[in-house]
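Atoms within each ligand, like the ligands themselves, are counted from 1 in listed order. Values below: every heavy atom of this structure, side chains too, minus hydrogens, waters and symmetry copies.
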Amino acid sequence: MSSLKERVIAQFISRFGERPSHIVRAPGRVNLIGEHTDYNDGFVLPMAIDRAIWIALRPRSDRRVLLHSLDLEPAADFSLDDVQHTAGDWTEYVKGMAWALQGAGLVLQGWEGVSAGDIPVGAGLSSSAALELAVARAFAAVTGFAWEPAQMARLAQLAENKWVGVNCGIMDQMISAAGKAGHALLIDCRTLETSLAPLPPETAVVIMDTATRRGLVDSAYNERRAQCEAAARFFQVPALRDVDLATFNAHANELDELTRRRARHVISENQRTIEAMAAMLQQDAVTLGKLINASHASLRDDFEVSSKELNQIVECAQRRETVCLGARMTGAGFGGCAIALVRDVSAKAFAAAVTACYQAASGLQPHIYICQAADGASEVPREQKGD
Ligand code: GLA
């Protein structure tokens with residue numbers, strides 16, 4: 001099968017009659033630990049994955065943007081002088097990105113191209129952030145403005161919050177913009193400072209897609225955000241990031257039961273994320289795995305964003321103790337994917353065992369892939385073969 005890069009080039013040539021002048025890509029992500037901490041100004045530890053959205057393009061001399069997707073209808077087709085909401089489909093991400101870049105004062109040039117991707121939609125692997133960053137990279141390629149990952153991530157988040165209307169944090173956009181091959185990234189979501197976290201040697205990260213898609217995620221997500229804000233008000237701090245475990249424990253019984261559990265998740269998860277970073281710097285995969293397991297329990301019991309199927313697949317993984325160092329749901333929750341950190345020599349056998357176990361437990365066919373940590377959004381040389 002040809003690579004996505006080859007596919008977008010071939011489709012570009014058949015549509016526009018010449019080779020594209022630029023090829024850009026932006027990846028999806030998994031989060032190793034630090035879940036529902038980003039909108040609390042906290043820490044996250046995601047990695048960009050080797051699944052991405054690719055665009056082959058050439059500049060236009062006018063201010064029109066025309067993007068044909070090989071996966072989705074209709075084409076995005078609009079003028080930079082008149083960016084309007086339309087049907088609420090995938091093209092809103094393209095227009096929203098143009099709106100955000102122009103709102104930041106960048107004078108954009110039009111372009112036309114073809115896109116394709118291999119990030120499953122709605123699985124919690126951030127296909128929408130990847131699309132936003134790929135579009136931003138396309139504008140940077142034809143317009144020539146400097147690529148500053150944190151600025152681009154903030155603008156992509158703005159597009160998602162204000163144009164598309166999804167109240168997400170900064171994690172997905174930041175890792176798609178700034179990821180580094182072979183590494184996860186510790187991101188301080190208050191300052192957007194990043195530190196490289198090398199993946200432990202002889203381990204692999206396995207994505208376990210439950211084949212369930214999140215329902216009601218937006219309303220539940222907004223409800224969790226409101227509960228976290230209420231807890232921050234109680235502690236009289238700007239965000240839960242500013243409360244440590246000792247302070248929390250000293251006052252926990254003054255909070256109502258639900259707010260207490262929500263806050264306990266966020267505050268303990270921040271602590272686990274810092275500890276996970278330290279473990280990664282020491283190449284201590286065993287400690288990292290334990291923290292990953294503890295994160296899942298906290299998301300399941302205190303934050304209540306897991307689901308029956310996510311719990312089933314995580315239990316299937318965790319039961320393989322000699323291979324699996326740790327497993328947890330990843331992303332917003334309520335469906336989609338979990339991850340496992342496993343010993344790499346046994347990763348394939350692990351995938352087969354989890355597939356059988358999850359099928360028996362849920363009656364569903366999971367999709368399991370061993371993934372690699374990839375670079376963030378980039379322009380790719382046109383000549384290079386393959387991804
Ligand atoms: C979604 C959001 C992120 C983050 C995660 C939960 O992926 O887009 O900003 O809040 O949920 O950690």
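Geometrically, ligand 1 and Asp172 share a nitrogen or oxygen pair separated by less than 3.5 Å. For the pair Cys168 and ligand 1, the shortest N or O to N or O distance does not fall below 3.5 Å. No N or O atom of Ser126 sits closer than 3.5 Å to an N or O atom of ligand 1. Here's the thing with Asn31: none of its N/O atoms is less than 3.5 angstrom from an N/O atom of ligand 1. In terms of polar-atom proximity, defined here as any N/O pair under 3.5 Å, Tyr221 does make such a contact with ligand 1.
Taking a cut-off of under 4.0 Å to the non-hydrogen atoms of Tyr39, the atoms of ligand 1 that pass are 10 (O). Atoms of ligand 1 found under 4.0 Å from any heavy atom of Gly169 (numbered from 1 in listed order, with element): 9 (O).
A side-chain donor from one of Arg272 and Ser268 sits under 3.5 Å from a side-chain acceptor of the other. Side-chain atoms of Glu269 and His36 form no donor-acceptor pair, as typed in the model, at a separation below 3.5 Å. Using modelled atom types, one finds no donor on one side chain facing an acceptor on the other under 3.5 Å when comparing Thr203 with Arg343. Checking Asn31 against Glu35 by side-chain atom types alone, a donor-acceptor pair falls below 3.5 Å.
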Would you tabulate the side-chain donor-acceptor contacts of residues 122-130 under 3.5 Å, counting partners in other chains and residues two or more places apart, or write 'none'?
| residue | atom | partner | partner atom | Å |
| --- | --- | --- | --- | --- |
| Ser126 | OG | Arg29 | NE | 3.3 |
| Ser126 | OG | Arg29 | NH2 | 3.3 |
| Ser126 | OG | Asp172 | OD2 | 3.3 |

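In this view, Arg15 and His68 satisfy the side chain to side chain donor-acceptor pair (under 3.5 Å) rule, not counting sequence neighbours.
The protein non-hydrogen atom at the shortest distance from atom 5 (C) of ligand 1 is Met171 CE, 3.8 Å. Of the protein's heavy atoms, Asp38 OD2, 3.3 Å lies nearest to atom 3 (C) of ligand 1.
The shortest heavy-atom distance from Arg29 to ligand 1 is under 4.0 Å.
For Arg64 and Asp62, the salt-bridge test fails: no basic side-chain N is under 4.0 Å from an acidic carboxylate O.
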